[in-house]
Amino acid sequence: MSSCAKLLTLSKRILSTCVRHHSSLTTELIENMDKKSTWDRFYTESSSRTSTFKNFEWFFGFDSVRDFILPLLQTMSRPDAALQVLDLGCGTSALGPCIYRASVFPVRVTCADISPVAVRLMQQQAGVKAVQPHNPSSQLDFVELDGTQLDKRYGSSSLDLIVDKGTIDALLRSREGEGKAALVLKQCLQVLRSSGSLLQFSDEDPDARLLWLETAAQRQGVAAHVAVQEVGELRGVCYFCYQVTPHPVVKQDFSTS
């Protein structure tokens, strides 16, 4: 099975589980996961079918990837300031709040999503059931933010860690999302510190994703180092963690004395 076919098959399986009785919504998600209106509809309809809030996890939850995230935060920790962490395309996932709860080191975790519906649901849940941080200096925020416009909120070299669990995957699986995916990658690399990293969790095989990450960064004029580790297998699907780190471009000085 080709990589694209595998991605489409997995998307259908995940989404049909969540919207089993809403075939029109399933079709819209599969074709238009790059659209804000699609996710607004998804979270509105999903929340309307139950009186109890439930986190929706794309792929898997925090426990599956905590050993990739927490040790990395430890290597980044500094005594003078909290680490700046962005959960990109958070939806209603518990990933960001779990990082906030589990990190021994002070962190400011921002859970950001393009859908105001998802952000509102997360804010409401935080108000009803507050998450207690491991470190009293940690902070947790929920904001509406388009991943293609990170520079409207963050300055250059201002974030330590960006976590992407399925966001760029969703863009790449959309009919018109590949250009947006490349722009999101560019924005991530611009707002990350030179010591920071983008952790991208995906089910796409390394032979395809590594090439895309390296090529997309080059086309956007951004240098980056890309590494991959296997997360493990879940429900018959193998997942990977792609770590993308900004690589400063060394400018040669051709001037003569």
Side-chain angles (χ1 to χ4, degrees), residues 1-15 29-35 58-60 64-65 67-69 71-72 75 86-89 95 114 146-151 156-157 159-251:
M1 181 182 291
S2 69
S3 177
C4 290
K6 188 190 78 170
L7 294 177
L8 184 57
T9 299
L10 182 66
S11 297
K12 288 180 178 179
R13 188 168 71 221
I14 293 174
L15 296 172
L29 279 165
I30 291 171
E31 296 181 351
N32 299 297
M33 286 191 284
D34 62 319
K35 303 291 193 302
W58 185 267
F59 298 153
F60 40 66
S64 297
V65 295
D67 291 340
F68 292 88
I69 296 173
L72 186 58
T75 66
L86 173 65
D87 179 6
L88 180 64
L95 179 65
I114 195 173
D146 186 334
T148 65
Q149 301 175 3
L150 296 181
D151 56 356
S156 177
S157 304
L159 294 179
D160 296 287
L161 177 65
I162 300 176
V163 182
D164 164 19
K165 184 163 70 76
T167 299
I168 283 183
D169 280 53
L171 293 175
L172 290 173
R173 295 170 191 189
S174 303
R175 290 182 299 180
E176 303 173 0
E178 187 167 357
K180 291 181 181 177
L183 183 53
V184 169
L185 178 62
K186 178 182 180 181
Q187 288 277 300
C188 287
L189 293 173
Q190 287 180 339
V191 300
L192 279 170
R193 302 181 194 274
S194 59
S195 58
S197 287
L198 163 65
L199 286 187
Q200 189 177 100
F201 297 101
S202 174
D203 63 315
E204 187 168 33
D205 294 334
D207 58 352
R209 182 52 60 91
L210 286 172
L211 178 61
W212 182 84
L213 285 167
E214 292 167 353
T215 303
Q218 290 172 0
R219 286 177 177 171
Q220 297 289 342
V222 181
H225 175 265
V226 185
V228 62
Q229 297 181 69
E230 186 174 313
V231 175
E233 188 173 302
L234 181 65
R235 294 187 295 272
V237 178
C238 192
Y239 293 93
F240 302 91
C241 173
Y242 297 92
Q243 182 173 353
V244 188
T245 307
H247 183 70
V249 177
V250 178
K251 296 183 178 179

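Bear in mind the structure is a predicted one, so any value in this text is a computation, not a measurement.
Applying the salt bridge (Lys or Arg N to Asp or Glu O under 4.0 Å) test to pairs two or more places apart or on separate chains, none has a residue in residues 218-228.
Residues Leu199 and Val65 are not in side-chain contact: their nearest non-hydrogen atoms beyond the backbone lie 4.5 Å or more apart.
Although no hydrogens or angles enter the test, the distance criterion places no donor-acceptor pair under 3.5 Å between the side chain of Lys186 and the main chain of Ala216. In this structure, Asp146 contributes its side chain and Thr148 its backbone to a donor-acceptor pair below 3.5 Å. Side chain of Asp164 to backbone of Thr167: a donor-acceptor contact under 3.5 angstrom is found.
Of the inter-residue distances, the one linking Cys241 atom SG with Asp67 atom CG reads 11.0 Å to the nearest 0.5 angstrom. Note that the SG atom of Cys238 and the CG atom of Asp205 stand 8.0 Å from one another [nearest 0.5 Å]. The structure places CG of Leu213 at 7.0 Å from CD1 of Ile168, a figure rounded to the nearest 0.5 Å. Annotation: the span from Leu185 atom CG to Leu189 atom CG amounts to 4.5 Å, rounded to 0.5 Å. Separating the CG atom in Leu95 from the CG atom in Asp87 is a distance of 4.5 Å, to the nearest 0.5 Å. Atoms CD and CG, on Gln243 and Leu198 in that order, are 9.0 Å from each other to the nearest 0.5 Å.
Taking all atoms of both residues into account, the shortest heavy-atom contact from Val231 to Phe68 is CA-CZ, 3.8 Å. Across Leu88 and Gly147, no two heavy atoms sit closer than the pair CD1-CA, 4.0 Å. The nearest pair of heavy atoms linking Thr75 to Leu72 is OG1-O, 2.6 Å. The minimum heavy-atom distance linking Thr245 with Ser194 is given by the pair CG2-O, 4.1 Å. Smallest separation of non-hydrogen atoms from Pro206 and Phe240: CD-CZ, 3.6 Å.
Under the rule for a ring pair (Phe, Tyr, Trp, His ring centres under 6.0 Å), Tyr242 has no partner lying at least two apart in sequence or in another chain.
Salt bridge present: Arg209 and Asp169 bring a charged side-chain N and a carboxylate O closer than 4.0 Å.
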Side chain to side chain contact (heavy atoms under 4.5 Å, CB included) between Leu159 and Leu150, intermediate numbers included: CA-CA 11 Å; Leu159 294 179; Leu150 296 181; 5.6 Å; no
Check against side chain to side chain contact (heavy atoms under 4.5 Å, CB included), Leu192 and Val244: CA-CA 10 Å; Leu192 279 170; Val244 188; over 6 Å; no
Full working for side chain to side chain contact (heavy atoms under 4.5 Å, CB included) between Leu161 and Ile69: CA-CA 9 Å; Leu161 177 65; Ile69 296 173; 4.1 Å; yes
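Here Phe201 and Phe59 keep their ring centres 6.0 angstrom or further from each other.
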Check: residues 175-183 side-chain donor-acceptor pairs under 3.5 Å, at least two apart:
residue, atom, partner, partner atom, Å
Arg175, NH2, Asn32, OD1, 3.2
Lys180, NZ, Asp34, O, 3.3
Lys180, NZ, Asp34, OD2, 3.3

